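None of these values were measured; they are calculated from a predicted model. When reading the values below, keep in mind they use all heavy atoms of this one structure, side chains included, and skip hydrogens, waters and symmetry mates.
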Amino acid sequence: QVQLVESGGGLVQAGGSLRLSCAASGPTFSRYAMGWFRQAPGKEREFVAAVSRSGGIAYYADSVKGRFTISRDNAKSTVYLQMNSLKPEDTAVYSCAAVLGSSGSAYRADDEYDYWGQGTQVTVSS
């Protein structure tokens, strides 16, 4: 079992940047494919980005492609989400998720994931 703790959220002006971190407990982080999801008030949770176990494969939602970058450091058991050119519509609670994945696979669907963090608030002001 893995426990996930997100950090790095906050308030930023439109056009600014934030880097979210998700630290995982346990010695087998490299066996997990990781994802970031977000949920805005009154909306359903949506996929943001996902990365494979090795970091070699990454997927992005169309709405963040070219602005966000997902990466991972298996030695530090941490996955990151670098968010640039932030827009007010990026405002949401961002959560990371983990699943024991096949090598070379990343997952877009939230029901693929078994473990979730508590989330961190990102607010982008106009």
Nearest-0.5 Å distance that lies between atom OG in S30 and atom CG in D73: 11.5 Å

Does a donor on one side chain and an acceptor on the other come within less than 3.5 Å for Y59 and R108? no

To the closest 0.5 Å, what do you measure between OG1 (T123) and CG (L18)? 9.5 Å

Report the C-alpha separation of C22 and M34 in whole Å, then their side-chain angles, then the decisive distance to 0.1 Å, and conclude whether the side-chain contact (heavy atoms from CB on, under 4.5 Å) test is met. CA-CA 10 Å; C22 172; M34 302 295 295; 4.2 Å; yes

Which ILVMFWY residues can you reach from L11 by hopping between side chains whose heavy atoms are under 4.5 Å apart? none

So, does E44 use its side chain to make a donor-acceptor pair with the main chain of Q39 at under 3.5 Å? no

Is there a side-chain contact between V79 and I70 in this structure, where contact means two heavy atoms from C-beta onward sitting under 4.5 Å apart? yes

For atom CZ of R31, is the number of surrounding heavy atoms from other residues, nucleotides or ligands below 6.0 Å larger than 12? no

In this structure, OG of S77 is separated from OH of Y32 (nearest 0.5 Å) by 11.0 Å

Spatial distance of atom SG (C96) from atom CD (E6) [nearest 0.5 Å]: 4.0 Å

May I ask you to check if R72 and F29 form a cation-pi contact, with NZ or CZ under 6.0 angstrom from the six-membered ring centre and within 45° of the axis? yes

For residues L20 and W36, determine if any side-chain heavy atom of one lies less than 4.5 Å from a side-chain heavy atom of the other. yes

Salt bridge (charged side-chain N to carboxylate O under 4.0 Å, His left out) for D90 and K87? Distances and angles first, verdict last. CA-CA 5 Å; D90 295 318; K87 304 175 181 180; over 6 Å; no

For A14 against S126, the heavy-atom pair lying closest together: CB-CA, 4.4 Å

Single-linkage hydrophobic cluster L4~F37, side-chain heavy atoms < 4.5 angstrom: no

Without placing hydrogens or testing angles, list every side-chain donor-acceptor pair under 3.5 Å for residues 111-120, not counting sequence neighbours.
unit_1: Y113; atom_1: OH; unit_2: Y107; atom_2: O; d: 2.6
unit_1: T120; atom_1: OG1; unit_2: G9; atom_2: N; d: 3.2

Please indicate whether Q121 has more than 12 foreign heavy atoms, meaning atoms of other residues, nucleotides or ligands, lying under 6.0 Å from its CD. yes

With heavy-atom distances below 4.5 Å as the criterion, would you say the side chains of L86 and F68 are in contact? yes

Answer yes or no: is there a side-chain heavy-atom contact under 4.5 Å between F47 and D110? no

Go through V12 and M83 one step at a time and tell me if the side-chain contact (heavy atoms from CB on, under 4.5 Å) criterion holds. CA-CA 11 Å; V12 64; M83 305 186 295; over 6 Å; no

Is the backbone of G104 close enough, under 3.5 Å, to the side chain of S52 for a donor and an acceptor to pair up by distance? no

Let's go through T69 and Y80 carefully: what are the C-alpha distance in whole Å and the side-chain angles of both, what is the deciding distance for side-chain contact (heavy atoms from CB on, under 4.5 Å) to 0.1 Å, and is it a yes or a no? CA-CA 8 Å; T69 303; Y80 304 97; over 6 Å; no

Check whether T78 reaches the backbone of K76 with its side chain - one donor and one acceptor, N or O, closer than 3.5 Å. yes

Sidechain-backbone polar pair: N74 side chain, R53 backbone, donor-acceptor under 3.5 Å: yes

From the list L81, V122, T91, V64, side chain to side chain contact (heavy atoms under 4.5 Å, CB included) partner of R38 resolves to V64

If only side-chain N and O atoms count, and only distance matters, is there a donor-acceptor pair under 3.5 Å linking S17 with N84? yes

